[in-house]
Every structure is written in C-alpha cells, then in structure tokens.
Amino acid sequence: MTISRRTSSHSLLDNSLRNFYAAAEEMGLEDKVIEVMSCPERSIQVSIPVKMDNGTVKVFQGYRVQHSTACGPSKGGIRFHPDVNLDECEALASLMTWKCSLAGIPYGGAKGGISVDPDTLSMREREAMTRTYAARIEPIIGNWSDIPAPDVNTGGQEMVWIMDTISKLRGRWEPAIVTGKPSSFWGSKGRRAATGLGVSTCILELLKTQHVDPCSATAIVQGFGNVGTYNALFLQSAGVKIVGICDITGGYYCKDGIDIEKAMAFTKTIPYRTLEGYSQPGLVHMSREEILEQECMILSPCALEGVITSKNAEKLKCAYLVEGSNGPTTPEADVILDRRGILVVPDFLANSGGVIGSYYEWVQDLAGAFWTEEKHNRRLNLLMKENFRKVWEYSDTHNVKMRRAAFLVAIKRVAEAIELKGFFL
Ligand code: NAD
C-alpha cells in the first residue's frame with residue numbers, strides 16, 4: 001500500500017516536502033521511514049505576553065518546531081520576523097535536519113521564532129519578549145535535546161538573554177543551551193566568519209576538481225553582510241579576483257578586482273554598514289540585477305532567497321553558482337542552469353560552515369575549555385573539504401546534480417539512524 005504524501009499551501013513547506021519525497025523515492029526508502037521523516041517530531045506554539053513601555057500588554061505568538069532528533073539533539077535558529085509561522089518553522093527545521101546530517105555533526109534539525117517586527121520594540125520590550133519566549137519553550141530545549149541559535153533579526157544579545165533565563169529557571173549555568181553567543185561570553189572564536197569561510201572553502205575545492213588555479217579565477221559575491229564579506233575576503237586571500245560585490249544599495253563592479261578589506265572597512269563608517277558611496281579606481285556602480293549578469297567564473301549569492309529565477313537564469317555569465325544564502329535559486333531556475341551547464345553547489349552544503357561553527361561552540365561550552373581561532377578555522381576547513389568531496393563523489397558516481405546528491409547523502413544518514421533505533425518514540 002502506498003502512503004499518502006503531505007502537501008502544504010505554504011510554498012516553502014510544500015517545496016521542502018516535494019524535494020524530500022522526490023529524493024526519498026529515488027533512493028527507494030521504505031514508506032514507513034518516509035512517513036516518519038516527513039512529519040516533525042514536535043511543534044509548539046506559545047503566547048508571549050509583554051508589558052509594553054506605554055503600560056499596555058501585548059501578546060506575541062512564538063513557535064518552536066523540532067523536525068528530527070534521529071541523529072542527535074535538534075539544532076536551529078530563532079528568528080524575529082512578522083512572517084514567522086508554524087509552517088515556515090517546519091520547513092526550515094527540516095532543512096536543518098538535512099544540513100546537519102550532511103555536515104556529519106551529531107544533530108537533528110529545529111527552527112523557531114516569534115511573529116513580530118522587532119524594529120517596533122524598545123530594547124526593554126525586546127528583552128522582555130525574548131526572555132518570556134525562552135521561559136515558555138524551556139520544557140523542550142536543552143544541551144542534549146534542542147539547542148537554539150541566532151537567525152534573522154536575532155544575534156548574540158538574544159542568545160545571552162535566553163541562556164540567562166534558562167540558567168535562572170534551572171538554578172544552574174546552562175551555557176551550551178544556545179550557540180551564537182559573543183566570543184567574549186561562552187561563544188567561540190571564529191564563529192563570526194564561519195559561514196563565509198565554509199562557502200569559500202567549497203569554492204576552492206570546486207576549483208580543484210576543475211583543475212583551475214584560484215589566481216586565474218574571478219568571482220562576483222552578492223550580499224555584503226556576514227556571509228558575503230567573509231566569503232569574498234577568504235577567496236581574495238586565496239588569489240581569486242573579486243570583480244563584483246553587491247548589497248541592498250546596488251552592484252559594484254571592477255574588472256581589475258575590488259579591494260575587499262578596503263570595502264569592509266568602508267562599510268563600518270556608514271550607517272547600516274552599506275556600500276553606498278564606496279569608490280576605487282575603475283569601479284562601476286550598477287543595479288543589483290545587472291551585477292548578477294556580469295561575466296565571472298563563480299557567482300556566489302549570499303544575500304536573500306529567490307534571487308536566481310527563470311527571469312535571469314538565462315542571462316547569467318558564470319560557470320559555477322555557489323549558494324551562500326539559503327534558497328537563492330528557484331526550482332525553475334535550477335532546470336535552466338542545468339541545461340546551460342552551470343554547475344550549482346547547493347546551499348545546505350555551501351553554507352553549512354555556520355552550523356559547524358555552532359557545533360564547535362557547543363563542544364567548547366560542554367567542555368568548559370576554549371579553542372584558538374586558528375584551531376576553530378583549521379577544523380572547519382577540514383570538515384568542509386571532506387563534506388564537499390563526499391557530495392562531489394556521490395554526484396560523480398551516481399551521475400546526479402550536486403543538489404540531489406547532497407539530499408540523498410543527508411537523507412540516508414537520518415534514515416539509517418531511524419532504522420537502527422526503531423520506531424519507539
Ligand atoms: P546579513 O544581514 O549580514 O547580510 C545580508 C546582505 O544582503 C547585506 O549586505 C544586505 O545589504 C544584502 N541585501 C539585502 N537585500 C538585498 C538585495 N535585494 N539585493 C542584494 N543584496 C541585498 O545576512 P547574512 O547573515 O550574511 O545572511 C545572508 C544569507 O545567508 C541568508 O540567506 C542567511 O539565511 C544565510 N545564512 C547565514 C548564515 C550565517 O551564519 N550568518 C548561515 C547560514 C546561512
């Protein structure tokens with residue numbers, strides 16, 4: 001008997017279910033395992049009453065979804081955004097399951113958040129909301145059950161509030177209950193640059209497979225925030241010429257190469273840290289759309305989801321697309337890129353340096369002993385190389401695209417854990 005397949009009116013969740021079913025069926029996974037893996041283990045919704053500065057009380061809605069703990073405690077970020085809902089959390093939680101599985105770290109996947117526009121809150125309101133959310137999800141999070149991290153609109157400060165709230169409720173220190181804490185306070189040296197370092201490591205490994213000397217390669221990096229800046233910086237230090245960068249204020253192109261350190265230093269002098277007004281000899285300012293269509297060997301989107309679409313996929317002039325952001329390429333664009341012979345390194349491989357950095361922070365917190373930045377980066381680099389090679393070889397041996405190969409490798413590890421443990425709870 002064939003079991004029914006779940007669908008969703010939420011496009012992100014529907015896409016992630018479709019991707020999962022397609023890969024699971026291709027690998028011949030048993031129906032009982034497919035059914036277990038297609039449903040989150042636990043989803044909760046909590047009400048978060050906050051006393052506002054004007055004396056009124058506002059109740060926000062918060063969520064936490066644990067998709068899988070088959071391979072270890074679940075891991076995933078907490079975002080503050082008006083669009084956060086249970087379906088979005090479920091989709092993102094399942095992506096975390098595949099990302100952690102592929103990375104070979106001992107975690108399952110989770111995601112959570114609060115439906116709120118954080119810019120409308122004062123600092124006091126933000127702290128009260130974060131702490132109440134932490135208290136409401138306290139029964140289901142823990143070092144060995146579910147470990148949150150920052151995501152959209154949350155950072156080190158929110159992680160410290162969560163850690164402090166849980167520590168006080170439990171009457172003991174709980175530093176390993178969240179990752180993404182400041183490196184001066186139970187965080188990890190190297191975590192800030194970890195995702196960009198991971199993306200650049202994938203790019204350099206890819207060039208090796210193509211027998212391309214990095215010094216003869218050119219790249220355009222879209223997004224000049226956390227992921228984009230460090231990705232561009234590490235690529236440049238390996239010899240790659242960065243001919244284009246881009247942020248919300250537009251695209252910046254220079255055929256002779258952009259000085260990334262100088263551009264990074266410039267953004268620190270500008271409100272909201274943008275590239276607005278950046279200049280150097282030979283630099284041309286263009287639109288955010290145009291920069292993606294300039295000639296380069298590697299295009300690396302590190303900004304938003306859905307930027308490579310059926311509208312611009314025909315116009316890209318790159319040989320390789322390496323996804324630093326989550327979900328930058330639509331399924332329609334993927335088909336076009338494949339037909340045009342543009343090789344895509346998928347997001348949940350390329351940007352897994354972030355969760356690997358989080359894993360290293362957790363390891364250090366549990367041990368109460370801290371690594372140097374050099375040790376953090378060396379280990380991250382080795383693991384990223386190993387993971388890239390794992391997917392590359394699978395893709396080569398089974399003649400499938402890297403995105404499908406990454407999915408198949410990731411699902412296999414979770415399926416094996418489920419089979420080993422059986423179906424009790
Ligand atoms: P960030 O906020 O630090 O930077 C985002 C950058 O994108 C900024 O430079 C911004 O100006 C630019 N941007 C925004 N809208 C744009 C547009 N329309 N066109 C061009 N540029 C635009 O964010 P981040 O932490 O660097 O994350 C970037 C992406 O990487 C997101 O998809 C995120 O989910 C993903 N990611 C981040 C991490 C991490 O550790 N930070 C880990 C894994 C995945």
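Worth saying up front: this structure is predicted, and the values here are computed from it rather than measured. All ligand and atom numbering here is 1-based and tracks the order in the structure.
- With a heavy-atom cut-off of 4.0 Å, Val152 does not touch ligand 1 at all.
- By the criterion of a heavy-atom distance under 4.0 Å, neither the backbone nor the side chain of Pro328 is placed next to ligand 1.
- Across the listed options Gly250, Gly225, Ser358, Gly225 owns the non-hydrogen atom lying nearest to atom 8 (C) of ligand 1.
- For Thr195, a nitrogen or oxygen atom sits less than 3.5 Å from a nitrogen or oxygen atom of ligand 1, counting backbone and side chain alike.
- If you take CG on Leu29 and CD on Glu26, they are separated by 12.0 Å, rounding to the nearest 0.5 Å.
- A salt bridge links Glu158 with Arg126: at least one charged nitrogen is closer than 4.0 Å to a carboxylate oxygen.
- For atom 28 (C) of ligand 1, the candidate residues are Gly251, Cys302, Ser325; the nearest heavy-atom contact is made by Cys302.
- A salt bridge is absent between Lys255 and Glu295; no separation between the charged side-chain nitrogens and carboxylate oxygens falls under 4.0 Å.
- Ring geometry for Trp362 versus Tyr359: interplanar angle of 30 to 60°, hence tilted.
- In terms of protein heavy atoms, atom 41 (N) of ligand 1 is closest to Asn226 OD1, 3.4 Å.
- Distance check, rounded to the nearest 0.5 Å: CZ of Arg378 to CG of Asn381 gives 10.0 Å.
- Per-residue contacts place Cys246 under 4.0 angstrom from the following atoms of ligand 1 (heavy atoms of the residue considered): 20 (C).
- Side-chain contact check for Asp146 and Ser74: at least one donor-acceptor pair (N or O, by modelled atom type) lies under 3.5 Å.
- Contact annotation: Thr274 has no heavy atom less than 4.0 Å from any atom of ligand 1.
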Exercise. Assess whether side chain to side chain contact (heavy atoms under 4.5 Å, CB included) is satisfied between Lys75 and Thr179, documenting all intermediate values.
Key: CA-CA 9 Å; Lys75 183 95 189 79; Thr179 59; 2.7 Å; yes
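- Aromatic rings from Phe20 and Phe407 are positioned such that their centres are separated by 6.0 Å or more.
- Inspection of the Asp53 and Ser122 side chains reveals an N or O donor paired with an N or O acceptor under 3.5 Å.
- At least one heavy atom of Arg191 sits under 4.0 Å from some atom of ligand 1.
- Considering Ile248, Asn153, Val355, Asn351 only, the shortest heavy-atom separation from atom 15 (N) of ligand 1 involves Ile248.
- For the atom pair NE2 of His376 and CZ of Arg192, the computed distance is 13.0 Å after rounding to the nearest 0.5 Å.
- Taking any N or O of Leu304, backbone or side chain, none lies under 3.5 Å from an N or O belonging to ligand 1.
- Within the listing of ligand 1, atoms 30 (O) sit less than 4.0 angstrom from a heavy atom of Gly324.
- For atom 19 (N) of ligand 1, the closest heavy atom belonging to the protein is Arg288 CD, 3.2 Å.
- The presence of a protein heavy atom under 4.0 Å from atom 23 (O) of ligand 1 is ruled out.
- Using a 3.5 Å distance cut-off with no hydrogens or angles, the side chains of Lys390 and Asn387 do pair a donor with an acceptor.
- Residue contact check: Ala303 has heavy atoms under 4.0 Å from atoms 7 (O), 13 (N), 21 (N), 22 (C), 28 (C), 29 (C), 31 (C), 32 (O) of ligand 1.
- A salt bridge links Glu127 to Arg131: at least one charged side-chain nitrogen sits closer than 4.0 Å to a carboxylate oxygen.
- For atom 34 (O) of ligand 1, the closest non-hydrogen atom of the protein is Asn326 ND2, 3.1 Å.
- Protein heavy atom in closest approach to atom 27 (O) of ligand 1: Val227 CG2, 3.8 Å.
- Residue, atom and distance of the protein heavy atom nearest to atom 9 (O) of ligand 1 are Phe224 N, 2.9 Å.
- Under 4.0 Å from ligand 1, heavy atoms of Asp247 appear from its side chain as well as its backbone.
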